[in-house]
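Everything numeric in this text was worked out from a predicted model, so none of it was measured. Order of the sequence lines fixes the chain letters, A, B, ..., with proteins taken first and strands second; residue numbering starts at 1 for each chain.
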2 protein chains.
Amino acid sequence: MKLEILTRNEHKELHNNIIANIRDLINNKNLEPGDKLPSERMLSERFGVSRGNVRETIQKLEFYGILKSKPQSGTFVADIGPVAMNGMMNDILGLEDPDFKSLVETRILLELKTVRLAAQRRTNDDLKKMEAALESYKEKVLNNEDAVQEDLLFHLAIAQACRNSTINRMMLIITPEIINNFEKYHVCDKNQGPKRIREHQDIFEAIKEQNTQKAKEMMKIHFKELYKYCYNI
Amino acid sequence: MKLEILTRNEHKELHNNIIANIRDLINNKNLEPGDKLPSERMLSERFGVSRGNVRETIQKLEFYGILKSKPQSGTFVADIGPVAMNGMMNDILGLEDPDFKSLVETRILLELKTVRLAAQRRTNDDLKKMEAALESYKEKVLNNEDAVQEDLLFHLAIAQACRNSTINRMMLIITPEIINNFEKYHVCDKNQGPKRIREHQDIFEAIKEQNTQKAKEMMKIHFKELYKYCYNI
DNA sequence: TATTATAAATTGGTTAACCAGATTGGTTTG
DNA sequence: CAAACCAATCTGGTTAACCAATTTATAATA
């Protein structure tokens, strides 16, 4: 067999191709939830790809909760039913790469919630962590250094304090992409340093006081320019 | 070397162990954004694990945007800076498995947004897809069959219509887990069929009319019992 | 016949050898 | 001295052979 090195995009295409193949296979064979898929070897042969690629793709579908593989036993269709599975696989195949606008829109949505939940649920330990993150942010800004990372870490500390592991996970997923785009589009203007510190401080105080309304308002103010940047340009 | 088969949990432990090792390595060697990590072979030898495990872990960290690997070149620290990287890695290591409550709380948050955005942005094509999903849901319910999947697919159709790929992706991530827990806890009572159809219909109409306020209100009504279930029990 | 014991085949997981593109250091050449 | 060239080396990606747990088929036994 000819060996070929693929670029990142070709790699994604290959994955999508295998996903579509698995979807069709499940449909044609009328596999129900809990049924076993053909073995990885069979699949790789049938699809004309390497077993490693099949394994990677299965891992991806496991991440989305569509398949489950058991060691020394087989790979199984998850308990979500053929209809949902079909729909989800099609959605996954149609997923576009996230654009900056959708990232910011999502971040604002998530954080207006995390800040309220954090105000309700934060423990003293959470407060300490947030305060530490806030301090290192202030230090960087006052030294006139770039503080994008410390900025985001403060927000992640809030996400942790909201005591919702799912929202927390989603914040983690979008944070690196946010950072990359921030630096790409130069969203953060350094001149606003003291103002940003004030805003962070206000958010922290509101969470400390467990004032959910104020926490949300302060976060809104903090996001004001980001929001403008997202929708005006 | 002794060969050992690991359970799912031991596997996760192994991954977390490797993540922690990579984190420490980056810290000790003071690697900056864009710097190259030691090769996979080196890492596997240094950490005392197989190269395959190292590759899996790197893939995971790539998913979170912390590392980037280039074919025939190496694996590189992403452009998010050491501080953010450290914080994110620690967060990833501390991530708990999502509990039902956090899933429902997140779903409500996301969907109250998707429904408003869908009302604003839906195309005619989106409407057709939503209507199709709605029809197959009605058919199932009227035949007194289980319609959890069709239910969720209608909601995913709304998510698609909201034209925000990031929110859409997050809906996809939580949907299978929601379905599993629904069936696990028997949240859906079949008796409520006609009522649920009415609610879905109302949501669809509001989106069709591009009435964002009504769309949100209808979704809130639809989630009323789910909300109660999430917070009372 | 039903049940248990046993061996063969199948499975996902693991490992190590191999591939071709990328990098690097030294050499030649203008 | 600088730039172009080339071969040795290093890299992530790929492949195929191997491992042990599991499942299935078969045989022995009550």
Side-chain angles (χ1 to χ4, degrees), chain A residues 1-19 21-22 25-26 29 31 34-78, chain B residues 1-19 21-22 25-26 29 31 34-78:
Chain A
M1 186 183 294
K2 189 181 164 195
L3 195 149
E4 211 172 338
I5 303 287
L6 301 177
T7 67
R8 181 172 302 276
N9 273 341
E10 289 167 339
H11 206 87
K12 189 181 173 184
E13 275 306 310
L14 179 59
H15 272 196
N16 279 354
N17 196 359
I18 297 175
I19 290 178
N21 274 319
I22 292 179
L25 181 82
I26 294 180
K29 293 209 172 188
L31 295 184
D35 284 354
K36 190 163 80 170
L37 253 62
S39 70
E40 294 177 353
R41 288 169 240 275
M42 297 281 226
L43 294 177
S44 70
E45 193 178 351
R46 178 195 276 249
F47 301 156
V49 298
S50 77
R51 199 181 147 205
N53 290 134
V54 171
R55 278 176 64 76
E56 281 181 64
T57 306
I58 288 177
Q59 208 172 348
K60 193 171 177 179
L61 291 176
E62 270 192 274
F63 173 81
Y64 280 105
I66 291 179
L67 300 179
K68 295 277 176 196
S69 55
K70 289 184 187 175
Q72 280 72 44
S73 179
T75 304
F76 300 84
V77 181
Chain B
M1 186 183 294
K2 190 180 164 193
L3 195 149
E4 211 171 339
I5 303 287
L6 300 177
T7 66
R8 182 173 301 278
N9 271 341
E10 287 168 341
H11 206 88
K12 188 179 173 184
E13 275 305 311
L14 178 59
H15 273 196
N16 279 355
N17 194 1
I18 297 176
I19 291 178
N21 273 320
I22 292 179
L25 180 82
I26 294 179
K29 291 209 170 186
L31 294 184
D35 284 354
K36 191 163 77 171
L37 253 61
S39 70
E40 295 178 352
R41 290 168 239 276
M42 296 283 223
L43 294 178
S44 69
E45 193 178 353
R46 179 196 276 248
F47 302 156
V49 296
S50 78
R51 198 183 145 203
N53 291 134
V54 171
R55 279 176 64 75
E56 283 182 61
T57 306
I58 288 176
Q59 209 171 350
K60 193 170 176 178
L61 292 175
E62 268 192 275
F63 174 81
Y64 281 105
I66 291 178
L67 299 179
K68 296 274 176 198
S69 57
K70 289 184 187 176
Q72 282 76 45
S73 178
T75 304
F76 299 83
V77 181

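For the pair B:Ser39 and D:dC10, the criterion of a side-chain N or O lying under 4.0 Å from OP1 or OP2 is not met. OP1 or OP2 of D:dG12 sits under 4.0 Å from a side-chain N or O of B:Thr75. Regarding contacts with the backbone of C:dG13, a side-chain N or O of A:Arg55 is found under 4.0 angstrom from either OP1 or OP2. For A:Ser73, no side-chain nitrogen or oxygen approaches OP1 or OP2 of C:dG12 to under 4.0 Å. The side chain of B:Ser50 places no N or O atom within less than 4.0 Å of a non-bridging phosphate oxygen (OP1 or OP2) of C:dT14.
Checking B:Asn17, B:Leu25, B:Ile19 one by one against B:Asn21, the side chain to side chain contact (heavy atoms under 4.5 Å, CB included) holds for a single residue, B:Asn17.
C:dT11 atom P lies 11 Å from atom CZ of A:Phe76, rounded to whole Å. When rounded to the nearest whole Å, the span between CD of B:Gln59 and P of D:dT14 equals 11 Å. The nearest whole Å value for the distance from the CZ atom in A:Arg51 to the P atom in D:dG13 is 19 Å. Straight-line distance from the CG atom of A:Asn53 to the C1' atom of D:dT15: 11 Å, rounded to whole Å. With rounding to whole Å, A:Leu43 atom CG is found 16 Å from C:dT10 atom P. In this entry the distance linking NZ of A:Lys68 with P of C:dG12 reads 16 Å, nearest Å. Going from atom CD of A:Glu40 over to atom P of C:dG13 covers 6 Å, rounded to whole Å. Taking atom CG of residue B:Leu37 and atom P of nucleotide D:dG12, one finds them 9 Å apart after rounding to whole Å.
Using a 4.5 Å heavy-atom cutoff, the side chains of A:Ile58 and A:Ile18 are not in contact.
In this structure, B:Lys36 and B:Arg41 both approach DNA chain C, and ranking their closest nucleotides by distance from the 5' end singles out B:Arg41.
A donor-acceptor contact under 3.5 angstrom links the side-chain atoms of A:Gln72 to the base of C:dG12.
Shown here are the side-chain contact (heavy atoms from CB on, under 4.5 Å) partners of B:Asp35, two or more places apart in sequence or in another chain: B:Leu31, B:Glu32.
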Apply the test side chain to side chain contact (heavy atoms under 4.5 Å, CB included) to residues A:Leu14 and A:Thr57: give CA-CA distance (whole Å), side-chain angles for both, the deciding distance (0.1 Å), then the verdict.
CA-CA 9 Å; A:Leu14 179 59; A:Thr57 306; over 6 Å; no
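Sorted by first then second residue, the salt bridge (Lys or Arg N to Asp or Glu O under 4.0 Å) pairs that include residues 37-48 of chain A, not counting sequence neighbours, are A:Glu40-A:Arg51, A:Glu40-A:Arg55.
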